[in-house]
2 protein chains.
Amino acid sequence: MTVDRDQVLRTAAALLTRKATATMDEVARAAGIGRATLHRHFAGREALVRALEELGIRELEAALDAARLDADGAPDALRRLVTEVEPVAGLLAFLVTENQLFETEQMHEGWARIDARVSALFRRGQEQGEFRIDLTPAWLTEALYGLIGSGAWAVQDGRVAAKDFQYMIVELLLGGARRSVEK
Amino acid sequence: MTVDRDQVLRTAAALLTRKATATMDEVARAAGIGRATLHRHFAGREALVRALEELGIRELEAALDAARLDADGAPDALRRLVTEVEPVAGLLAFLVTENQLFETEQMHEGWARIDARVSALFRRGQEQGEFRIDLTPAWLTEALYGLIGSGAWAVQDGRVAAKDFQYMIVELLLGGARRSVEK
DNA sequence: CCCCGATGAGACATTCGTGTCTCATCGGGG
DNA sequence: CCCCGATGAGACACGAATGTCTCATCGGGG
């Protein structure tokens with residue numbers, strides 16, 4: 001009888017990922033509940049988006065944990081990261097867009113935590129001589145986000161196969177487009 | 001006396017790049033004209049966005065021309081492309097977001113033309129043995145867009161220096177993050 | 001079996017952006 | 001110097017989405 005708040009959130013995430021401008025009414029219908037009930041659980045669209053943000057951050061941090069970023073070489077850790085992040089990629093893309101849309105009225109601290117962990121991975125790779133040092137960890141982090149977003153959209157629009165998601169992103173990010181003799 | 005339509009468009013582009021949800025009134029004020037006048041030149045927000053889209057496509061195609069994608073090796077052509085695209089990157093990022101926001105009520109043919117030219121560059125690189133062939137031209141094109149977008153946002157937010165824009169994007173796209181012995 | 005809390009449907013007021021219109025004003029060309 | 005077109009400011013109506021509220025209904029736990 002009682003609405004499953006988490007289920008509603010995931011449905012909303014799936015919908016908003018496809019259509020970022022979806023109405024509260026559309027979100028409610030998608031979740032199979034009434035608009036009034038949706039409002040009882042989330043006091044307005046902003047609250048809903050914030051809840052989604054927290055969900056995204058939670059899942060992303062879970063993905064970071066699962067990827068064991070400190071283990072093995074940085075390249076392998078990066079592979080695991082992208083693999084783990086893949087299911088969250090759509091939500092992530094939505095949240096990033098949402099954030100840069102409504103000029104950050106104050107960024108959630110969770111993003112900073114996540115940025116720090118990802119940056120640390122790239123920094124570790126540089127220190128261990130696996131990553132080049134002329135590209136800053138900050139840029140590599142941004143680039144990773146960008147590629148994940150592009151990958152998510154491309155998969156969603158059917159321009160690339162979902163099964164290639166991880167491979168394409170990691171291969172491009174690690175090795176680049178240039179054909180290398182050492183490969 | 002008469003409003004400079006092109007100047008209004010460029011001002012609107014600059015504003016909407018920073019704040020994609022800016023009001024018609026905000027756009028008018030930013031351009032230093034009245035809202036009524038703005039409406040006289042662009043019959044509504046949609047018309048304005050379409051005009052911006054045409055401007056973006058026009059400038060992007062001009063950048064493609066200036067980059068002489070057919071000359072030299074594909075890597076060098078790609079470098080030139082990113083250099084030429086840099087001034088349009090912000091507008092480009094806005095338009096991409098706008099497009100994926102309001103589910104394509106029909107994509108402007110210009111994008112297809114541009115996609116074709118960029119893809120062709122990557123394909124040429126593959127055929128001439130300069131680019132690896134396990135990453136499809138379609139994905140490389142998407143990735144380029146994603147990196148340009150990320151770069152534009154990162155520069156706008158001051159997370160990376162504007163002067164590094166071209167270098168960061170091209171280096172990452174061509175060589176990847178991995179430290180290569182041949183470099 | 002009944003009751004109470006949760007829900008769904010819908011009415012309603014409010015807010016916000018849009019699009020149209022009017023009118024006074026400005027300014028350059030004739 | 002005057003006139004006419006373009007402009008700016010603002011009023012106004014409209015539509016869309018939001019947020020609140022009421023009321024009937026449903027269903028599980030006591």
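Chain naming here is simple, since letters A, B, ... match the order of the sequence lines and numbering starts at 1 in each. No hydrogens, no waters, no symmetry mates; every other heavy atom, side chains included, goes into these values.
Distance CG (A/Asp25) to P (C/dG10): 11 Å, rounded to an integer number of Å. Between the CZ atom of A/Arg45 and the C1' atom of D/dA16 there is a distance of 13 Å, rounded to whole Å. Atom P of nucleotide C/dT18 and atom CZ of B/Arg35 are separated by 8 Å, given to the nearest angstrom. Across the protein-nucleic acid pair, B/Arg40 atom CZ and D/dG5 atom C1' stand 11 Å apart, rounded to whole Å. In this structure, B/Leu38 atom CG and C/dT18 atom P are separated by 10 Å, rounded to whole Å. Atom pair A/Met24:CE and C/dT15:P shows a separation of 18 Å (rounding to whole Å applied). Distance CZ (A/Arg29) to P (D/dA17): 12 Å, rounded to an integer number of Å.
Inter-residue side-chain proximity for A/Arg179 and B/Phe131 is flagged as unmet; no heavy-atom pair is nearer than 4.5 Å. Side-chain contact between B/Gln166 and B/Val85 is absent, with no heavy-atom pair separated by less than 4.5 Å.
For B/Arg117, the side-chain contact (heavy atoms from CB on, under 4.5 Å) partners are B/Glu61, B/Leu64, B/Asp65, not counting sequence neighbours.
Contact annotation: B/His39 does not reach the phosphate of C/dC21 (side-chain N/O to OP1 or OP2, under 4.0 Å). Side-chain N/O atoms of B/His41 include one lying less than 4.0 angstrom from OP1 or OP2 on D/dT7.
Using modelled atom types, one finds no donor on one side chain facing an acceptor on the other under 3.5 Å when comparing A/Glu142 with B/Trp153.
Nearest-nucleotide positions on DNA chain D place B/Asp4 closer to the 5' end than the other of A/Ala36 and B/Asp4.
B/Thr23 places no side-chain N or O within donor-acceptor distance of the main-chain N or O of B/Glu26, the cut-off being under 3.5 Å. A donor-acceptor pair under 3.5 Å links the side-chain atoms of B/Gln126 to the main chain of B/Arg132, judged by distance alone.
Here B/Leu92 contributes atom CG and B/Thr97 contributes atom OG1; the two are 9.5 Å apart, rounded to the nearest 0.5 Å.
Looking at the side chain of B/Thr23, the nearest of the listed nucleotides D/dT7, C/dG17, C/dG8 is C/dG17.
Where pairing requires Watson-Crick or G-U contacts shorter than 3.5 Å, the helical stems of DNA chain C with at least three consecutive pairs are C:1-30 with D:1-30.
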